[in-house]
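This is a predicted model, so every value here is computed, not measured.
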Amino acid sequence: MFEIKSKDGLGRTGVLETGHGKVKTPALMPVIHPGKQTIDVGAHGAEIVITNSYIIYRNPELREKALRDGVHKLINFKGPVVTDSGSFQLSEYGEIDVTNDEIVMFQDEIGTDIGTSLDIPTPPGVSHRRALEEVEVTLQRAEEALEYRERMMLNAVVQGSTHPDLRSYCASRLAELPVEVHPIGAVVPLMESYRYRELVDAVLSSVSELPPSRPRHLMGAGHPMIFALAVSMGCDLFDSAAYILYAEDDRLLSTEGTHKLENMQEMPCSCSVCMDHTPQELMGMDKEDRRNLIAEHNLHVSFAEIRKVRQAVYDGSLMELVEERCRAHPRLLDGYRRMSAYADLIEKFEPRSKRSAFFYTGPESLGRVEVHRHISWVRENLRDGTLIMRAPEKPYSSNLSLGKVKYVSEKPLNDDSLNFAFLDIPFGIIPLELDQVYPLAQNDAPLLRDLDSEEFLRKLITEFRDKIALEESLMGDLGIEFPWGYAGETDVPVDDLSRIRMIADYQFGEGAGEALFDDDVRIERSRKTGKIRHIYTDDRLISTMRASDGLLVLSAEGAVRLQRGREYPANRVVVNEDSEPFARKGKSIFAKFIIDCDANIRAGDEVLIVSADDELLATGRALLCAEEMMDLNYGQAVKTRKGGF
């Protein structure tokens, strides 16, 4: 069972339930070598581990003990144990002395929590034909494994070498099988050679076809510098022996890279090993003692980074952490930049509002999904005759010096019908009416713009040149040389009704503003901030504007109006008959009771909870996006705000 707890883009925190307990994800699974383990990884934060069933199978002494006592006693770990099938040895040596049915049944017999079929780990760079042939074998063996297992959960490994179409094909076929976890395999060579751009293609082409209800395991990813990037691509589990292998070579892990002990004058962190020892003291120790201490440091750093990543997902600041981590190595930055090619995929899972503001940390921030989403909306909804103005401090309209602004245009414009927008980084064109809405107001960028951001603004202005006029002072700033043929000046009004209607359209979809707000609505402002707080019709509350993000929270009256004004299934989450009474009482909606929903719903959206006959039952806030709602069978999907309709 897997339940999603919080989300940030494709990244998520969750809980994976196994026969030996629950695991918080994202999670690192240290590799335990059966018979050779000297470090108690559980004492350093491991909730789940992985070991190699093929090594146990091939060693008579280990095999007998595992069959007699179980794999947990064999490796002295009480929590969940994952076992690999021997595919690593297959990739290293070309062949192994075991069949798929033998190794799957053996894993089941020794009490593995999550076992693995004998997939074919196709290395990077092979021909498309060979990769396809080996994918077909992997698929066949994954399907056969279902017949061989009795109790354990199953991994079904996504293969396909460095061919994104084969990764997607393999993932789509595996998604049809009733398995529990999806490792993404044969990517270690990419990480070892710093080919992170190809790693991004391999992972995201796989994740695009995998069910959101199943954890994804990035096999062999054990260096803390990559955890944030991997989680942002939708990975939930990681395994590696890096903590001990690097220690064998006197190397210390960090989120910035790897430190060679012989080159160090200072210890790199504040763990007990680093606080209690100097590099010189470690160098003078017995080899085994030194290795064990460095391994403890490596585990400390790795689990600390996993906790930091989980917190970043919860806070909604994962991408800022990714941008920070990916500047540790130029090739990591290449990988992160490649992610912008998958913006449409990531957007489906990106919440519309977060606890954290958007921070512009460099040109890569312009490729983030929040920017992609807003620019896509602007392309569809920017009105003809929009005057683009220089952006004052945020919130723009509160700091705007109202009065006349000079503008230039290629064609005469009617001052009475002008619309107004600001030009700023990172979101480009921000309509005046939306200047207090997340994330258009809840962001920050350096006052001194870099060349990439200037070019971004120039291209954007050029794209919309047929719809816009430009404030005169911006022309010199942007270095735009157009044959402007008209100049004028105008007042800048702030129209509350236009504001709330555009916010409703931005939040709920086209037509929502007209449906919710009549011409005679009454607007109540906060005494402290002066911002819009409540919107009424007569004495009936329609909606409240949330102070944290400038978005609308519907009352009962607002829910009725939105349902009436938006055709089914827009803004709706449809529950089955069993769930209807609970929805009416204001109880939260669990994913397993949802039978349909608007495909445009994103986590954090205000939604209408309705019956199969489109009878309004309640309103609430979505905790999952549409695809997750329809796929997951565990956990809350909507936190109900108001029932009783």
[X] atom [atom1], over 12 foreign heavy atoms within 6.0 Å:
| X | atom1 | value |
| --- | --- | --- |
| Lys394 | NZ | yes |
| Glu510 | CD | no |
| Lys467 | NZ | yes |
| Glu454 | CD | yes |
| Arg331 | CZ | no |

Between [atom1] of [X] and [atom2] of [Y], what distance do you get to the nearest 0.5 Å?
| X | Y | atom1 | atom2 | result |
| --- | --- | --- | --- | --- |
| Phe645 | Leu608 | CZ | CG | 8.0 Å |
| Met630 | Ile601 | CE | CD1 | 10.5 Å |
| Leu204 | Leu199 | CG | CG | 9.0 Å |
| Leu321 | Ser356 | CG | OG | 11.0 Å |
| Asp466 | Leu382 | CG | CG | 11.5 Å |

Checking [X] side chain against [Y] main chain: does a donor-acceptor pair fall under 3.5 Å?
| X | Y | result |
| --- | --- | --- |
| Asp505 | Gly511 | yes |
| Asp538 | Arg540 | no |
| Asn600 | Asn571 | no |
| Gln636 | Ser588 | no |
| Thr255 | Pro224 | no |
| His374 | Ile429 | yes |
| Arg373 | Glu350 | yes |
| Ser543 | Leu554 | no |
| Arg572 | Ala570 | yes |
| Arg641 | Val553 | no |

### Message
Leu624 vs Lys7, test: side-chain contact (heavy atoms from CB on, under 4.5 Å). Steps then yes/no.
### Response
CA-CA 8 Å; Leu624 305 173; Lys7 289 167 44 59; 4.2 Å; yes
Any salt bridge between [X] and [Y], counting N to O under 4.0 Å?
| X | Y | answer |
| --- | --- | --- |
| Arg368 | Glu320 | yes |
| Arg499 | Asp435 | yes |
| Glu524 | Arg533 | no |
| Arg561 | Asp518 | yes |
| Arg546 | Asp549 | yes |
| Asp519 | Arg501 | yes |

#### Entry: Stepwise side-chain contact (heavy atoms from CB on, under 4.5 Å) check, Tyr342 with Ser208
CA-CA 9 Å; Tyr342 295 87; Ser208 67; over 6 Å; no
State, without any angle test, whether [X] and [Y] hold a side-chain donor-acceptor pair at a distance under 3.5 Å.
| X | Y | result |
| --- | --- | --- |
| Glu323 | Ser365 | yes |
| Thr25 | Asp236 | no |
| Asp8 | Tyr314 | no |
| Ser206 | Arg216 | no |
| Ser213 | Asp631 | yes |
| Ser340 | His372 | no |

### side-chain contact (heavy atoms from CB on, under 4.5 Å) between Gln563 and Asp614, intermediate numbers included
CA-CA 9 Å; Gln563 183 195 30; Asp614 199 27; 3.5 Å; yes
### Query
Quick one: ring pair (Phe, Tyr, Trp, His ring centres under 6.0 Å) partners of His329, sequence neighbours excluded?
Tyr194
### Task
Take Glu347 and Arg602, measure what salt bridge (Lys or Arg N to Asp or Glu O under 4.0 Å) needs, and give me the verdict at the end.
CA-CA 9 Å; Glu347 191 279 328; Arg602 304 291 182 260; 3.0 Å; yes
### Cation-pi, Phe508 ring and Arg566 (6.0 angstrom, 45 degrees)
no
## Note on the structure
The side chain to side chain donor-acceptor pair (under 3.5 Å) partner of Glu305 among Arg310, Arg325, His223 is Arg325
### Message
Arg379: which residues meet the side-chain hydrogen bond (donor to acceptor under 3.5 Å, both in side chains) condition with it, sequence neighbours left out?
### Response
Glu463
For a quick test of your reading: what N or O donor-acceptor pairs under 3.5 Å do the side chains of residues 473-480 make, sequence neighbours left out?
| residue | atom | partner | partner atom | Å |
| --- | --- | --- | --- | --- |
| Ser473 | OG | Arg390 | NH2 | 3.2 |
| Asp477 | OD2 | Arg390 | NH1 | 2.8 |
| Asp477 | OD2 | Arg390 | NH2 | 2.7 |

Got [X] and [Y] here, is their nearest side-chain heavy-atom distance under 4.5 Å?
| X | Y | result |
| --- | --- | --- |
| Leu28 | Phe227 | yes |
| Met502 | Pro431 | yes |
| Ile226 | Tyr196 | yes |

### Task
Check step by step if side-chain contact (heavy atoms from CB on, under 4.5 Å) holds for Asp424 and Tyr396.
CA-CA 10 Å; Asp424 205 1; Tyr396 304 117; 2.6 Å; yes
